[in-house]
There are 2 protein chains.
Amino acid sequence: MQHWKARVEISLKPGHVDPEGETTCQSLRDLTYPVKSVAVSKIYTITLEAEAQADAESQIKEICQRLLANPTKDDFTYQVAEAK
Amino acid sequence: MQHWKARVEISLKPGHVDPEGETTCQSLRDLTYPVKSVAVSKIYTITLEAEAQADAESQIKEICQRLLANPTKDDFTYQVAEAK
């Protein structure tokens, strides 16, 4: 069984309020940085076992849909590569 | 003044405990996914004004050091590109 490394990014869908980003933006402006906007997203770096890349990718997609992304507010993207 | 988009990734330094990653890993194993490890990091997508790319980069580096990364436990990387 081969090992695969997946990099999953979970970000808010457009139109959703990002309180952490907005607070960070305001903090940076208070420090006089010329910042226009800040958006926050999360990266999960997942190592998993699978027979082939297509199998690893389908498992990662299912993991995103079942556990990592909230379908009402999150978008997700992922890349899967052989783990070194 | 031009607009620049920076993508900043804040991750834990090697050797630091990542409770969110470990809990996610255990949850995925409980769901029978063949996951070996999970690490969590954060992306800040920052739009800012600056005269030139070098100026935007030096501001982003300073922002990471002053506000976004905790020097005792976090590493940071960033890329800056012209905002479209």
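Chain letters run A, B, ... following the sequence lines, proteins first, then strands; residues in each count from 1. All values derive from a computational prediction rather than experimental measurement.
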message: In this structure, would Ile63(B) and Ile43(B) fall into the same cluster of hydrophobic residues linked by side-chain contacts under 4.5 Å?
response: no
task: Pick whichever of Glu20(A), Glu49(A), Lys5(A) has the most heavy-atom pairs under 4.5 Å with chain B.
output: Glu49(A)
query: Hey, does Tyr33(A) have a side-chain heavy atom less than 4.5 Å from the side chain of Arg66(B)?
result: yes
- prompt: When rounded to the nearest 0.5 angstrom, what distance separates CG in Leu48(A) from SG in Cys25(B)?
  reply: 10.0 Å
- prompt: Hey, are the side chains of Pro34(A) and Gln59(B) touching, using non-hydrogen atoms and a 4.5 Å cut-off?
  reply: yes
query: Are Tyr78(A) and Tyr44(A) connected in the hydrophobic side-chain network, where two residues link if heavy atoms are under 4.5 Å apart?
result: yes
query: Once you round to the nearest 0.5 Å, how far does CG of Leu67(A) lie from CG of Leu28(B)?
result: 5.0 Å
query: What about Phe76(A) and Val40(B), same hydrophobic cluster or not, with Ile/Leu/Val/Met/Phe/Trp/Tyr joined at side-chain heavy-atom distances under 4.5 Å?
result: yes
query: Side-chain heavy atoms under 4.5 angstrom apart, residues restricted to Ile, Leu, Val, Met, Phe, Trp, Tyr: same cluster for Val80(A) and Val35(B)?
result: yes
- prompt: Which atoms of Ile46(A) come close to chain B, meaning under 4.5 Å heavy atom to heavy atom: side chain ones, backbone ones, both, or neither?
  reply: both
message: If I measure from the heavy atoms of chain A, does Leu68(B) come under 4.5 Å with its side chain, its backbone, both, or neither?
response: side chain
query: Is it the backbone or the side chain of Glu9(B) that comes under 4.5 Å from a heavy atom of chain A, or both, or neither?
result: side chain
- prompt: With a 4.5 angstrom heavy-atom cut-off, which part of Arg7(B) approaches chain A: side chain, backbone, both or neither?
  reply: side chain
